[in-house]
Each structure stands twice: as structure tokens, then as C-alpha cells.
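Below is one structure, written out as C-alpha cells; comments come after it.
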Amino acid sequence: MGMNGEVRTRFAPSPTGFMHLGGLRTALYNYLFARKMGGKFILRIEDTDQERYVEGATEVIYDTLRGCGMQWDEGPDVGGPVGPYIQSERKDMYLPYAKQLVKTGHAYYCFCTECELRQRREAAEKRGEVFKYDKHCLSLTPEEVQAKLDAGTPYVIRQNAPTEGTTSYHDLVYGDMTFPNDTLDDMVLIKADGMPTYNFANVIDDHLMGITHVMRGAEYLSSTPKYNLLYEAFGWEVPQYVHLPSVMRDSHHKLSKRDGDAYYSDYVEKGYLTEALINYLALVGWNPGDDREFFTMDELVDVFDVARLNKAPGIFDVDKLTWFNAEYIRRMDFDRYLAMVTPWFDRVLAGKGIDYTRLAQLMQERTEVFNRVPDMVAFLGKLPEYDVDLYTHKKMKTNPEVATTALELCLPVLENIPEDAWSEANLHDRLMEKIQESGMKNGQVLWPLRIAISGQASTPGGAMEIAYLLGKDETLRRIREGMKLLESAREA
RNA sequence: GGCCCCGUGGUCAAGUGGCCUAAGACACCGCCCUUUCACGGCGGCUACUCGGGUUCGAAUCCCGACGGGGUCACCA
């Protein structure tokens, strides 16, 4: 707990230009926990790697988090009492701490060059050994160090990790963890360019920012002992740790950039809803303990409990996400759906004069992901080429002959409906009257009709709806075309 | 390879020694509804990785094996 017992969590992404779903989930849990505990959620940008700097990347982080409904209490753009919240702007704060560690023997200057280290590492690998920095520069006398410093020799500062004994800590998810110290490497704290490494900045900042609970990916499980050694060297209180199981693509791979399935933006572009994504993501690695599956952000805050976090990695199941998405779409206000689906309609129906409102009514419960909409409605804009076989449907008891009869039956009925009376109700009543009187079954007439005007086996809505959407001229045109197709098939 | 973690159906998962001849959801399959599809309703399929213990009793505790993941950077 912080000084006044307040919980403080942080999300500390590096600005790469994209928001990884695993990272988003980490942010979500940090946010939920802070809100749940009535604490503070802090955003910190970790941009100590200058080579990886990407223009506009921080905005992507802001937009994604805000878009998902996770507003931070302290951060680069909103300020706060322990700023700045961008590590590059804190650059000068770290070196003094590193020097303090050097003074107390917990760290030391190292003048080995990257090139030398690489060679030693490769040599070790060739021998089948694990490379570990051999504390070579630790044996330099204070005079030797000073001389090199005075000469302007490039240096880094390394942690002086113990080589014997063990280091333990308690994790709120994984329980008690113990690591042999001889597996700990002397990690670099300050890089040759004067910037702190993530490993160092993270500890300093978490302490200075009063972070009480560090929630991050399980990949940090084994580097945590080194961080704790740092806290102890400074005499600082170690935060609570909450390591999160990874989000996988399948049992062997994490969600990856290469497959185009790792980033928040990938899903938004495909037409997934933010609410669905957040709702689903919350459930990969955590569950409320009962059967509830649908949660708003506020409800999530209400039920979230660190004790219910899972340890095993979770596979990100796009099918389940898609189901959530479809459910959210079905439940959304019609006006919002219409506004969202319109651009997708436009891709294939722009300028065709289709009644979007009616189409949207038909489509809302059939939409799973917006990017599947164009293919579903394209037939309204242009009759697809189709095979006569489509007229044959066993259950509907139709075949080309029945279909021909059916279309011949429908054509005059539809021709007789005036343009200004071309409504679904009218279409329905006139057609049904005729079908009754013919003695044919509904399906025997309606199936061929729908095939003729849509050219495909499955459509959003039935024959009446489609005929209405198409309008009189286009409907009649398509029926005549269908009759022609049937005729040429008969001749062949 | 060293160290660490994990292991219930295809996937997410409930389960904290007896209520488990193991819930729920997604996916899949079948039936019903129906002018197609979708929605909806009903039903079905499929799991405690394996082997030893401990115990009257184990998915639950212990040990081992196997499998999977993570980590071993002047990246974060």
C-alpha cells in the first residue's frame, strides 16, 4: 500500500505504434484493479530505447485506452504529482540512483564494449554454455575506474548481483517464487548512451511514483528477483506483484504481429466492437466465478478480483470473440447499427438506391463482424452469376421445371403491382393469394423466386424483402433473366 | 541447455479432499421453428496428460515422468 493506503497501478507501454492485445489486457486488469480498490491508474510511457522511437505512437496509446474506456488518473498528458510520466523526460533522474548503488557496492562501472561481449557470448554458446557476464570490470580498482572515466571511455553501469543463496518473492497469482542467485546476470542499469535500461527505469519509476501493485506479463516472472535486489539495495519497499499469464494464438505461439492478429487496430479495422473486445479479453485469464459473460466496464470493475486470475496461458479464440461481437451488435441501438453499417453497405451498394434502413433491419441480427457485410449484400447491387442447380432444393420440393412454373406464376402478379404500391405487405399479400390459388406449396414458389432475384442460396431476408429492396424494375428484370437461364438449361 | 512457470473437452473455463458417474460458454453435429440464411428452442459429441504415493475417499495434497510455455540483450 502507498503512504495513505491507496492502491496505485500503472500501465507502462513502450510506444511502438501499435497496441498489442496482450498489452491491452494488461492495461485492462491494471485499470480494473485500481478502480475496484478506489485507487489510481497511472500511464507511463517507456521510451528509453531511442532506436525504436516511432512518430505518433504515444497518440495510438492514448486513443486506444480512451477508446476502450480506460481513463488514467495520472499520465503524460493529464499530469500528476509524480511526473513527468515519459521516461525520456526523466532521463537525468536515473544516473544519481545508479551512482548511489555503485557507492554501496550494489553496482559497478563496466567498460566492456558491446562487441567484446558479443564475442564472448558467441564463444560461450559454441561451447554449449549459458553466457553470464563474468563481473570482469568489478575487479577494476577505484583508480582504474576513475582514470577510464576521466579519459571519456564509454561505460555502462551494471548491477552487482549476488552469486550465492536464493532470492524469493510472493506473487499474488503465482504464489511463492524462489530463484537461485547464481542464475542472476549482472544486468545493465545505465546504457552507454546515458539512458537507463527498462529494467532499471522501471524499478526507479515504480518506486518514485508510489506504485503499490505491479501487474505485468508473466514473462517478467524470472527477472523480478533482480528488481527486488535493487529495491532492497535502496532500502525501498517492494511492491506487490501480480504476474499475468500470456495470451496465446495457439498452444505454441503468442499472438504475433506476423499473423495480423495481435493488434487492437487489426480487429477494429475488421469491424469488431471495442466493447466486445474488452469484454472477451477480460475473460482470457480471468473469470467472475459464476456463469455471467457479459460485462460493461463498470460491471467489470465491480466484479474484478485478483484472486480469480488464472495461471495457465490462455488461447485467444477468435470464434468466441466473434460470438461476443455478434451479440453486442444484436443488442445495440438500431440507429447506432445503421450508422456503423452504412459505410460497409456503401462499399458495394453506393448509388444503387437501396433502402438502407430496411436492409439494416434485416442485417443487424445477421452481422457477426462488419467486414463480412459487403459480401452478404453485394447481390443487391449486382446479380451474381449463378448455376441453375440452385433452383433445385429437395426440402422445398423444387427443380428446374417447378421453378419455371413458379416464375411464370410470379411474373404477372408482380407486373400488376404498381410502382407506388411496391411494399413488402403488398408483395406478400398478392404473392400469397396467387400461391394459394395455384395449389403449390409456399416454398415451391418462394424458393425459386428468391433464387432468381438474388442469385444465391442464402440471403438476408426472404423473397419479399429482397424484391422490395430491389424495386420493381430490377426485380422483374432478374425474374426474366432467371426464366431465360432455366430455358437454356432445358434446351441443353 | 540452466533456471522458472503451467497442465480439466478443439477453445475459454467452474472445481480449493466427499455435493463430480466433472458446471457453463464458444465451436461442431442433429432435430424443431421457418419462403433461404440468421435469430430462437431442444438434444448430442468431446476433458481431469501419465505413473506412483498419502487418505476411508483425490480433478483437488505429495513425488516422478511427459508435454507446453517463459527467460537467459547496452529490447521493453
Side-chain angles (χ1 to χ4, degrees), chain A residues 12-14 16 46-49 51-52 110 112-114 117-118 121 125 128-133 154-158 171 174-175 177-180 182-185 187-193 195-199 201-202 216-225 243 245-246 248 250-254 280 283-287 289-293 310-324 326 330 362-368 376 390 393 395-396 428 431-432 435 441-451 454 456-466:
Chain A
S14 31
T16 60
E46 309 220 330
D47 60 345
T48 55
D49 184 5
E51 286 176 23
R52 284 216 269 170
C110 173
C112 296
T113 65
E114 276 193 82
L117 290 171
R118 199 179 321 121
R121 184 171 298 118
E125 273 168 23
E129 292 168 16
V130 181
F131 177 76
K132 201 182 133 191
Y133 185 67
Y155 67 89
V156 301
I157 294 180
R158 285 183 182 274
D171 184 276
Y174 290 91
M177 306 283 295
T178 296
F179 295 78
D182 61 11
T183 61
L184 270 26
D185 199 9
M187 63 179 181
V188 170
L189 267 22
I190 299 290
K191 298 186 261 191
D193 66 0
M195 279 291 214
T197 56
Y198 158 82
N199 297 121
N202 159 9
R216 58 165 49 142
E219 62 268 26
Y220 294 102
L221 233 24
S222 50
S223 42
T224 299
H243 284 98
S246 18
M248 313 285 285
D250 55 49
S251 61
H252 303 280
H253 313 272
K254 292 174 80 168
Y280 174 61
L283 264 15
V284 179
W286 172 86
N287 76 83
D290 55 36
D291 288 341
R292 280 184 300 167
E293 294 198 284
N310 286 118
K311 294 179 187 157
I315 295 174
F316 187 86
D317 183 357
V318 181
D319 284 337
K320 182 92 187 206
L321 199 220
T322 300
W323 175 76
F324 267 108
R330 283 181 202 117
L362 259 11
M363 286 295 291
Q364 185 164 5
E365 71 174 14
R366 293 165 228 255
T367 304
E368 293 188 300
M376 294 171 75
L390 274 188
H393 189 283
K395 210 175 142 207
M396 292 298 129
H428 177 271
L431 250 11
M432 289 317 258
I435 293 171
K441 303 184 74 89
N442 292 348
Q444 284 182 301
V445 178
L446 267 8
W447 172 274
L449 209 214
R450 196 177 53 81
I451 295 301
S454 72
Q456 57 194 40
S458 95
T459 52
M464 325 284 188
E465 288 88 349
I466 292 165

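The sequence lines fix the lettering, A, B, ..., with proteins before strands; numbering per chain opens at 1.
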Original post:
Does any non-hydrogen side-chain atom of A:Ser246 lie less than 4.5 Å from one of A:Phe316?
Top reply: no
**OP:** Establish, with yes or no, whether the OP1 or OP2 oxygen of B:rA13 is under 4.0 angstrom from a side-chain nitrogen or oxygen of A:Asn310.
**Re:** yes
Original post:
For the side chain of A:Asp171 and the backbone of A:His243, is there at least one donor-acceptor N/O pair under 3.5 Å apart?
Top reply: yes
Original post:
Checking A:Ser454 side chain against A:Gln456 main chain: does a donor-acceptor pair fall under 3.5 Å?
Top reply: yes
Original post:
A:Leu189 has an atom CG; how far is it from atom P of B:rA76, in whole Å?
Top reply: 12 Å
Subject >> Integer-rounded Å distance: B:rG70 P and A:His243 NE2 >> reply: 15 Å
Original post:
What is the minimum heavy-atom distance between A:Leu189 and A:Arg158, and which atoms define it?
Top reply: CD2-C, 4.0 Å
Subject >> Among B:rC6, B:rC4, B:rA25, the one nearest A:Phe179 by side-chain distance >> reply: B:rC4
Subject >> Phosphate contact (B:rA13 OP1 or OP2) by A:Asn287 side-chain N/O below 4.0 Å >> reply: no
**OP:** Check the distance between B:rC12's C1' and A:Phe324's CZ and give it to me in whole angstrom.
**Re:** 9 Å
Original post:
Which nucleotide sits closest to the side chain of A:Ser14: B:rC4, B:rC26, B:rA76?
Top reply: B:rA76
Original post:
Within the pair A:His252 and B:rG69, is there a side-chain N or O less than 4.0 Å away from OP1 or OP2?
Top reply: yes
Subject >> Nucleotide nearest A:Tyr174 (side chain, heavy atoms from C-beta), chosen from B:rA38, B:rC5, B:rA76 >> reply: B:rC5
**OP:** On the 0 to 90° scale, with breaks at 30° and 60°, tag the A:Tyr198-A:Tyr220 ring pair as parallel, tilted or perpendicular.
**Re:** tilted
Original post:
Side-chain N or O of A:Lys311 less than 4.0 angstrom from OP1 or OP2 on B:rA13?
Top reply: no
**OP:** Establish whether the base of B:rA76 is bridged to the side chain of A:Tyr220 by a donor-acceptor pair shorter than 3.5 Å.
**Re:** yes
**OP:** Using distance alone, with no hydrogens and no angle criterion, decide if A:Thr224 and A:Arg216 have a side-chain donor and acceptor under 3.5 Å apart.
**Re:** yes
Original post:
Taking only N and O in the side chain of A:Asn199, is any of them less than 4.0 Å away from OP1 or OP2 of B:rC74?
Top reply: no
**OP:** Ignoring backbone atoms, test whether A:Arg121 places a side-chain nitrogen or oxygen under 4.0 Å from the OP1 or OP2 oxygen of B:rA73.
**Re:** yes
Original post:
In whole Å, what is the span from the CH2 atom of A:Trp286 to the C1' atom of B:rA13?
Top reply: 12 Å
Original post:
Taking CZ from A:Arg292 and P from B:rA13, how many angstroms apart are they, rounded to a whole number?
Top reply: 17 Å
**OP:** Counting heavy atoms from C-beta on, name the nucleotide in B:rC74, B:rG2, B:rU11 closest to the side chain of A:Ile315.
**Re:** B:rU11
Original post:
Please give, in whole Å, the distance from B:rA25 C1' to A:Lys320 NZ?
Top reply: 3 Å
Subject >> Below 4.0 Å: OP1/OP2 of B:rA76 and any side-chain N or O of A:Thr48 >> reply: yes
Subject >> Proximity to the side chain of A:Lys191 - top-ranked nucleotide from B:rC4, B:rA25, B:rC74 >> reply: B:rC74
Original post:
In whole angstroms, how far is the P atom of B:rC12 from the CG atom of A:Leu321?
Top reply: 14 Å
Show each protein N/O and nucleotides 40-44 of chain B N/O combination with a separation under 3.5 Å, one pair to a line.
none

**OP:** Using the P atom on both, measure B:rA38 against B:rG30 and round to a whole Å.
**Re:** 12 Å
Subject >> Whichever of A:Tyr198 and A:Phe131 has its nearest RNA chain B nucleotide further upstream toward 5' >> reply: A:Phe131
Original post:
What interatomic distance, in whole Å, is found between P of B:rA59 and the corresponding atom of B:rC72?
Top reply: 39 Å
Original post:
Between A:Lys311 (side chain) and A:Gly285 (backbone), is there a donor-acceptor pair under 3.5 Å?
Top reply: no
Give every pair of a protein N or O atom and an N or O atom of nucleotides 34-36 of chain B that lie under 3.5 Å apart, one pair per line with the distance.
residue : atom : partner  : partner atom : Å
B:rU34  : O4   : A:Lys395 : NZ           : 2.9
B:rU35  : O2   : A:Ala463 : N            : 3.2
B:rU36  : O4'  : A:Arg450 : NH2          : 3.3
B:rU36  : O2'  : A:Ala457 : O            : 2.8
B:rU36  : O2   : A:Arg450 : NH1          : 3.1
B:rU36  : O2   : A:Thr459 : N            : 2.8
B:rU36  : O2   : A:Thr459 : O            : 3.3
B:rU36  : O2   : A:Thr459 : OG1          : 3.3
B:rU36  : N3   : A:Thr459 : O            : 3.0
B:rU36  : N3   : A:Gly461 : O            : 3.0
B:rU36  : O4   : A:Gly461 : N            : 3.3
B:rU36  : O4   : A:Gly461 : O            : 2.8
B:rU36  : O4   : A:Gly462 : N            : 2.9

Original post:
For A:Met248 and A:Arg158, take the nucleotide of RNA chain B holding the closest heavy atom to each; which residue's nucleotide lies nearer the 5' end?
Top reply: A:Met248
**OP:** To the nearest Å, give me how far apart CG (A:Leu184) and P (B:rU71) are.
**Re:** 16 Å
Original post:
Side chains of A:Met464 and A:Leu446: closer than 4.5 Å at any heavy-atom pair?
Top reply: yes
